[in-house]
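Before I ask anything, here is the structure I am working with.
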Amino acid sequence: MTKQPSAPTPLAHFIGGQRAGGASERAQDVFNPATGAVTGRVALAGRADVDAAVAAARAAFPAWADTPPIRRARVMFKFLELLNKHRDELAQLITAEHGKVFTDAQGEVTRGIDIVEFACGIPQLLKGDYTDQVSTGIDNWTLRQPLGVVAGITPFNFPVMVPMWMFPVAIAAGNTFILKPSPIDPSPSLRIAELLKEAGLPDGVFNVVQGDKEAVDALLEHPDVKAISFVGSTPIANYIYETGAHHGKRVQALGGAKNHMVVMPDADLEQAVDALIGAGYGSAGERCMAISVAVLVGDVADKLVPMLAERARTLKVRNGTNLEAEMGPIVTRAAHERITGYIAQGEKEGAKLVFDGRQFDTAQVGDGCDNGFWMGGTLFDHVTPEMRIYKEEIFGPVLSCVRVPDLKEAVDLINAHEFGNGVACFTRDGNVAREFSRRIEVGMVGINVPIPVPMAWHGFGGWKRSLFGDMNAYGEEGVRFYTRQKSIMQRWPESTPMGAEFVMPTAK
């Protein structure tokens, strides 16, 4: 008897402390990128579903905001314990729906956990300032209070880590939260919601609405949503920022990137190759901090490009469940077609195609993966700034090599780009490293570190068209984003002078 394929798992929302099917009848398929098989069917929220989530969050806000910060921190500590217990389970969900290799998914969960650990310190992070006797008989102090209902709109490439850039800090600070994850990999968000409930988070403090642009617009326009956090492409980040600001919201919108890595002639070339291979092809290049351009200074290109080609040729592209895998599949068929289109465009524009990932042999990836969204790593040399493969974010395993004569031209090249998310420089010269760090117009800089994602207490954010808004994600700026300062001046009747005062108060 032939075994019938199992029905796709229905995936919907989490509102008011429980899974909810929602009012909308719209839905879309969820795929396993390694096999191409449909594994789930995710609901796409309409405005009524968003309204329900906002209502639940609004109802939960007063009591949660009044909960002492130390008690909110205790919930986060319990959540932290559960995350560590279920770390591999979350990583498996990521691999099953995104496709990244399991070890990379484990790393993603770990970096998310770092933010939760930071948020556990919220009693200290919310402390204000106090000045005794700012004027005769008057004291002045400041405190930070939560905004209310806030929302996060997150991308497919980090379905655990990027939401954790947002909601742990927001919730610990006393807000209630609505997460709108990508419909491409929705399962981790629902498991996170269940773990938060198990940790003792009151119903309605954390909610999940699955969906697409209709849900996004409903959040942007809803008068009870006070702030929006977003990570995604630059055109959408710009739209989120403008629309959210138009509706009176506080907005932080992290956009696209074209991250460069400069390799100086004095660099350790073996280390530089390792860095470029991992940062360029890891997670199939589907990272906003992926290195997609190698800027090769002086004569280093003639030595480095053959080394890169050999490593690209031997890259272990496998099903993400294979622990030997270095790179998994592309996340969707549409993304695969977009990336192959960029490779063809690069050839057309005259870049030298050193290694072509389109020629990848799927026989090596594993049983049952013939219909997966597979490609190998692609390497271009002699790329110039006028080419589309240089200017635009490909978001795939395509590494472009640009040759420049010296450090100054490398810096000028990078500073001229519209994006300013991340950058790296590999060198053994301390003065080069110092000057590069000071002169480069990019928000996150690595010296002999290819992917300089800041740790939880420093905060993440690029420059130029990689960030719309004034505050970085997580860290102390994240606390400031999800709270507003209140200044209080106090004087008691015994020290109040008689008579009206008609001039600006001054220190007396």
Side-chain angles (χ1 to χ4, degrees), residues 14 16-18 56-57 60-94 105-128 143-150 152 154 158-179 181 188-208 229 453-460 472-483:
F14 192 95
Q18 62 185 357
F61 173 68
W64 183 245
D66 277 346
T67 300
I70 188 64
R71 286 175 51 198
R72 298 199 296 258
R74 287 169 185 156
V75 174
M76 299 311 294
F77 271 114
K78 180 61 177 177
F79 178 53
L80 174 64
E81 177 187 336
L82 291 170
L83 284 174
N84 281 309
K85 181 179 178 181
H86 294 277
R87 182 192 312 244
D88 286 354
E89 178 190 351
L90 287 167
Q92 288 164 356
L93 291 174
I94 295 168
Q106 287 177 309
E108 172 185 342
V109 178
T110 299
R111 289 302 298 263
I113 287 172
D114 289 347
I115 312 296
V116 179
E117 290 177 330
F118 172 79
C120 288
I122 200 66
Q124 172 71 20
L125 296 167
L126 288 179
K127 284 171 61 177
L143 52 86
R144 303 204 69 87
Q145 293 183 311
L147 304 176
V149 179
V150 300
T154 57
F158 288 100
V160 169
M161 184 184 73
V162 170
M164 287 188 189
W165 287 0
M166 304 172 186
F167 76 79
V169 176
I171 288 172
N175 301 281
T176 54
F177 197 91
I178 299 169
L179 173 63
S189 62
L190 297 173
R191 190 68 184 109
I192 286 168
E194 291 171 343
L195 293 176
L196 282 165
K197 183 179 176 71
E198 187 178 343
L201 191 71
D203 292 347
V205 175
F206 181 82
N207 307 273
V208 178
S229 298
V453 177
M455 297 305 290
W457 48 95
H458 283 289
F460 181 105
N472 288 355
Y474 65 83
E476 292 189 6
E477 285 211 6
V479 177
R480 285 191 283 271
F481 178 78
Y482 290 118
T483 59

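Note that the numbering runs from 1 along the sequence shown for the chain.
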**Atom pair CE (Met161) and OG1 (Thr154), whose distance is rounded to the nearest 0.5 Å** =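 The CE atom of Met161 sits 11.0 Å away from the OG1 atom of Thr154.
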**Message:** Check this for me, if you would: do Glu194 and Arg191 make a salt bridge, where the nitrogen-to-carboxylate-oxygen distance has to be below 4.0 angstrom?
**Reply:**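 Yes, Glu194 and Arg191 are salt-bridged.
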**Asked** So Glu198 and Lys78, side chain to side chain contact (heavy atoms under 4.5 Å, CB included) or not? Walk me through it.
**Response** CA-CA 9 Å; Glu198 187 178 343; Lys78 180 61 177 177; 5.8 Å; no
**Side chain proximity check, Arg111 to Phe158, heavy atoms < 4.5 angstrom** = no
**Item:** Min side-chain heavy-atom separation Ser229-Val150 under 4.5 Å
**Value:** no
**Message:** Walk me through whether Gln106 and Val109 qualify under side chain to side chain contact (heavy atoms under 4.5 Å, CB included).
**Reply:** CA-CA 5 Å; Gln106 287 177 309; Val109 178; 5.9 Å; no
**Asked** Does some side-chain heavy atom of Val162 sit less than 4.5 Å from a side-chain heavy atom of Phe460?
**Response** no
**Request:** Could you tell me whether the side chain of Asn175 and the main chain of Val149 form a donor-acceptor pair under 3.5 Å?
**Result:** no
**Request:** Identify which one of Leu143, Leu147, Leu126, Val169 satisfies the side-chain contact (heavy atoms from CB on, under 4.5 Å) criterion when paired with Thr483.
**Result:** Leu126
**Message:** Exactly one of Leu83, Val116, Leu196, Ile122 should register a side-chain contact (heavy atoms from CB on, under 4.5 Å) with Pro168. Which one does?
**Reply:**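 Only match with Pro168 under side-chain contact (heavy atoms from CB on, under 4.5 Å): Val116.
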**Request:** Measure the CZ-NZ distance between Arg144 and Lys127 for me, rounded to the nearest 0.5 Å.
**Result:**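 Between Arg144 CZ and Lys127 NZ, I get 15.0 Å after rounding to 0.5 Å.
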**Asked** To the nearest 0.5 Å, what is the distance between CG (Asn472) and CZ (Phe481)?
**Response**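 One gets 11.5 Å once the value is rounded to the nearest 0.5 Å.
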**Request:** Measure the spacing between CD1 of Ile115 and SG of Cys120 and express it to the nearest 0.5 Å.
**Result:**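 The SG atom of Cys120 is 11.5 Å from CD1 of Ile115, to the nearest 0.5 Å.
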**Prompt:** Got a donor-acceptor contact below 3.5 angstrom from the Trp64 side chain to the Ile171 backbone?
**Reply:** yes
**Prompt:** Below 4.5 Å, heavy atoms only, C-beta onward: do Ile192 and Met164 meet side chain to side chain?
**Reply:**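 Side chain of Ile192 against side chain of Met164, heavy atoms only: contact under 4.5 Å found.
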**Request:** Could you tell me if the ring centre of Tyr474 sits under 6.0 Å from that of Trp165?
**Result:**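 They qualify: ring centres under 6.0 Å apart.
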**Asked** Can you say whether the rings of Phe177 and Tyr482 are parallel (under 30°), tilted (30 to 60°) or perpendicular (over 60°)?
**Response**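 Plane angle over 60°, so perpendicular.
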**Message:** Using a 3.5 Å distance criterion without hydrogens, assess whether the side chain of Arg87 forms a donor-acceptor pair with backbone atoms of Ile113.
**Reply:** no
**Asked** In Å, rounded to the nearest 0.5 Å, how long is the span from CZ of Phe61 to CG of Asp66?
**Response**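 Answer rounded to 0.5 Å: 8.5 Å.
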**Distance, nearest 0.5 Å, that separates CG of Leu190 from CG of Leu195** =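 Interatomic distance, Leu190 CG to Leu195 CG, rounded to 0.5 Å: 11.0 Å.
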**Glu81 backbone acceptor or donor facing Asn84 side chain under 3.5 Å** = no
